[in-house]
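Hydrogens, waters and symmetry mates are skipped; everything else that's a heavy atom, side chains included, is used.
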Amino acid sequence: VVKTHNTILRRGAYADALEVIPYTLAENAGLKPIDIVTELRKAHAEGVVGAGIDVKKGRISDMYDMNVIQPLLVTTSAIKLATETVCMILKVDDLVVVM
């Protein structure tokens, strides 16, 4: 796979867009989103794969320990649908050529 500068930039932008999800979840739960997202990043960096936002306790917890799981198909389908929607909007607005 050849990685061009454009491809790397697009992946970075896509990753940045996905970071809005935990930020919004924390904000909607009445938590301090910057603090929560920072703690979440730290937990993931320390190897806690199941780290997630526990909105009831207002902190980061291991979702596997709490038996909070979601089928992979649900997550991948939601991300695929959101991506297709954005591509359609950009295509309609003639902002980008979608292949």
(request) Could you walk me through whether D54 and I60 pass the side-chain contact (heavy atoms from CB on, under 4.5 Å) test, one step at a time? (result) CA-CA 6 Å; D54 184 345; I60 302 301; over 6 Å; no
(message) Run the side-chain contact (heavy atoms from CB on, under 4.5 Å) test on Y14 and V86 for me, step by step, so that the C-alpha distance in whole Å, both residues' side-chain angles and the decisive distance to 0.1 Å come before the verdict.
(response) CA-CA 11 Å; Y14 195 86; V86 169; over 6 Å; no
(request) Go through the steps for E19 and R41 under the test salt bridge (charged side-chain N to carboxylate O under 4.0 Å, His left out), then give the verdict. (result) CA-CA 10 Å; E19 275 194 353; R41 282 185 186 161; 2.7 Å; yes
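Taken to the nearest 0.5 Å, the CE atom of M63 stands 8.5 Å off from the CD1 atom of I53. The NZ atom of K57 lies 5.5 Å from the CE atom of M66; values are rounded to the nearest 0.5 Å. Between the CD atom in Q70 and the OG1 atom in T75 there is a gap of 3.5 Å [rounded to 0.5 Å]. Distance check: S61 OG to E39 CD gives 10.0 Å after rounding to the nearest 0.5 Å.
Heavy atoms from other residues, nucleotides or ligands lying under 6.0 Å from CG of L18 number more than 12. By the neighbour-count criterion of 12 heavy atoms within 6.0 Å, atom OH of Y64 is sparsely surrounded, having that number or fewer from other residues, nucleotides or ligands.
Between K80 and E84 there is a side-chain heavy-atom pair separated by less than 4.5 Å. Side-chain contact check for Y23 versus I34: some heavy-atom pair is nearer than 4.5 Å.
Heavy-atom minimum distance, G58 versus L31: CA-CD2, 3.5 Å. Among all heavy-atom pairs drawn from A26 and P33, the shortest one is CB-CA, 3.8 Å. Nearest approach of P22 to V37, heavy atoms of both residues: C-CG2, 4.1 Å.
For T76 (side chain) and L73 (main-chain N/O), a donor-acceptor pair under 3.5 Å exists by modelled atom type.
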